[in-house]
Amino acid sequence: MSQRRVLITGAGSGLGQALAMRYAKAGARVACVDIDAARAELTRAALPGSGHLTMAANVASDEAMEQVHETVAREWGGLDVLVNNAGMATGGAMVDTTMAEWRTVLDVNVLSVVRGCRLFLPGMIAAGQGQVVNTASFAGLAGAPSIMSYGVSKAAVVALSEQLRAELHDKGIRVSVLCPAFFRTNLLESWQGNPKLKDFAAKMMATSPDTLDTVADAAFAAVERGEFLVMPTKREPMRWRLKRWLPETYFRQLLKMVKSRTAGH
């Protein structure tokens, strides 16, 4: 088999960086895309193997992502794995949100996935093979309060991935969507919204039983197996089953959990 060509957005830190390392260790060439050029280059320099690329790009920009596509086409001639991982965090109740927050988070968290897919899928379809991995969040499944714009944006990524999976099922292209819950990463650096909710999210990350490495290991293994819905944090598979099978019980437990954690905060 030829060496796989993998592009990861948000590769300068966190889960994107961890996935870049795992793909490189598996023998792939990795294009590290990040809004921060220095962080993207640090990731590239740390990867084993050769042939990796660094690109600075804002995933919320049509023009920037078109330039990324042009660079990949010129340097590699195509792509085998697209990991739409870049995103931002927001928090707050509906009445506390602003329209500017909604526009920004949807552009970064949802339309960035659309940009990546629109640009790179035609080549995969023509080749008859490929894989798309979209990073959503358990927030997109949980229906939890006070993370309104973030939860909606991640739910959109899940829905997009489901529809994309159906569109591509007979074209040789696999689709996976990652739905982790809280774990320790630097996602909150991009926070917009209620600062009190940021503190709460930081506490949840700090007390999570999941680490960046355990999440990245579980996510990478599941994606390599071709799984679609990937929940790489420990508690979420059972929570998801409870919501599907006993939705009212799940809702009551959700409210109880939120109340206890808010009181503890």
Side-chain angles (χ1 to χ4, degrees), residues 10 14-15 84-97 101-102 105-106 108-110 112-113 133-165 175-185 187-188 190-194 196-212 214-216 218-219 222-223 227-265:
L15 184 59
N84 291 306
N85 172 75
M88 63 176 293
T90 57
M94 173 64 82
V95 296
D96 297 325
T97 61
E101 175 188 317
W102 279 100
V105 73
L106 292 175
V108 173
N109 286 0
V110 184
S112 65
V113 178
V133 181
N134 299 325
T135 298
S137 167
F138 193 70
L141 303 171
S146 300
I147 51 169
M148 181 56 64
S149 59
Y150 182 75
V152 169
S153 72
K154 292 303 187 179
V157 174
V158 174
L160 183 155
S161 302
E162 289 178 335
Q163 293 176 220
L164 191 64
R165 181 192 188 195
V175 176
S176 297
V177 60
L178 310 183
C179 295
F182 290 105
F183 65 99
R184 289 180 288 282
T185 184
L187 179 65
L188 298 183
S190 62
W191 179 272
Q192 289 190 19
N194 189 326
K196 292 183 180 179
L197 266 296
K198 181 180 179 180
D199 293 341
F200 176 74
K203 180 180 178 181
M204 295 300 297
M205 287 182 172
T207 58
S208 169
D210 304 286
T211 68
L212 175 59
T214 63
V215 171
V223 167
E227 294 181 15
F228 170 68
L229 181 60
V230 179
M231 287 178 277
T233 44
K234 295 175 182 178
R235 298 167 176 163
E236 280 52 57
M238 184 54 67
R239 287 173 175 166
W240 174 232
R241 293 185 186 99
L242 180 63
K243 184 183 180 184
R244 292 191 66 184
W245 297 339
L246 298 168
E248 290 303 316
T249 300
Y250 170 85
F251 183 67
R252 290 192 295 270
Q253 290 194 6
L254 172 68
L255 295 182
K256 182 179 179 180
M257 180 180 68
V258 169
K259 183 177 180 179
S260 66
R261 289 179 174 177
T262 303
H265 178 69

Is a side-chain donor-acceptor pair under 3.5 Å present for T97 with S149?
-> no

Quick one: do the T233 and D210 side chains pair a donor with an acceptor below 3.5 Å?
-> no

Output the distance between atom [atom1] ([X]) and atom [atom2] ([Y]), rounded to the nearest 0.5 Å.
| X | Y | atom1 | atom2 | result |
| --- | --- | --- | --- | --- |
| L254 | E248 | CG | CD | 11.5 Å |
| F228 | N134 | CZ | CG | 8.5 Å |
| T90 | D96 | OG1 | CG | 12.0 Å |
| K154 | L160 | NZ | CG | 11.5 Å |

Who passes salt bridge (Lys or Arg N to Asp or Glu O under 4.0 Å) against E227, sequence neighbours left out?
-> R225

Report yes or no: does Y250 contribute a side-chain atom to a donor-acceptor pair with the main-chain N or O of A142 at less than 3.5 Å?
-> yes

Looking at side-chain heavy atoms only, is the closest gap between L141 and E236 below 4.5 Å?
-> no

Below 4.5 Å, heavy atoms only, C-beta onward: do Q253 and M257 meet side chain to side chain?
-> no

Among V223, V175, V230, find the residue that satisfies the side chain to side chain contact (heavy atoms under 4.5 Å, CB included) test when tested with V133.
-> V223

What residues, two or more places apart in sequence or in another chain, satisfy side chain to side chain contact (heavy atoms under 4.5 Å, CB included) together with A139?
-> S137, I147, Y150

With sequence neighbours left out, what residues match N85 under side-chain hydrogen bond (donor to acceptor under 3.5 Å, both in side chains)?
-> T135

Hey, mind stepping through L15 and L178 against side chain to side chain contact (heavy atoms under 4.5 Å, CB included) and telling me if it holds?
-> CA-CA 11 Å; L15 184 59; L178 310 183; 4.3 Å; yes

Over all atoms of both residues, closest heavy-atom pair of P180 and A136 = CD-O, 4.2 Å

Could you please spell out the steps behind the side chain to side chain contact (heavy atoms under 4.5 Å, CB included) verdict for M148 and W102?
-> CA-CA 9 Å; M148 181 56 64; W102 279 100; 3.4 Å; yes

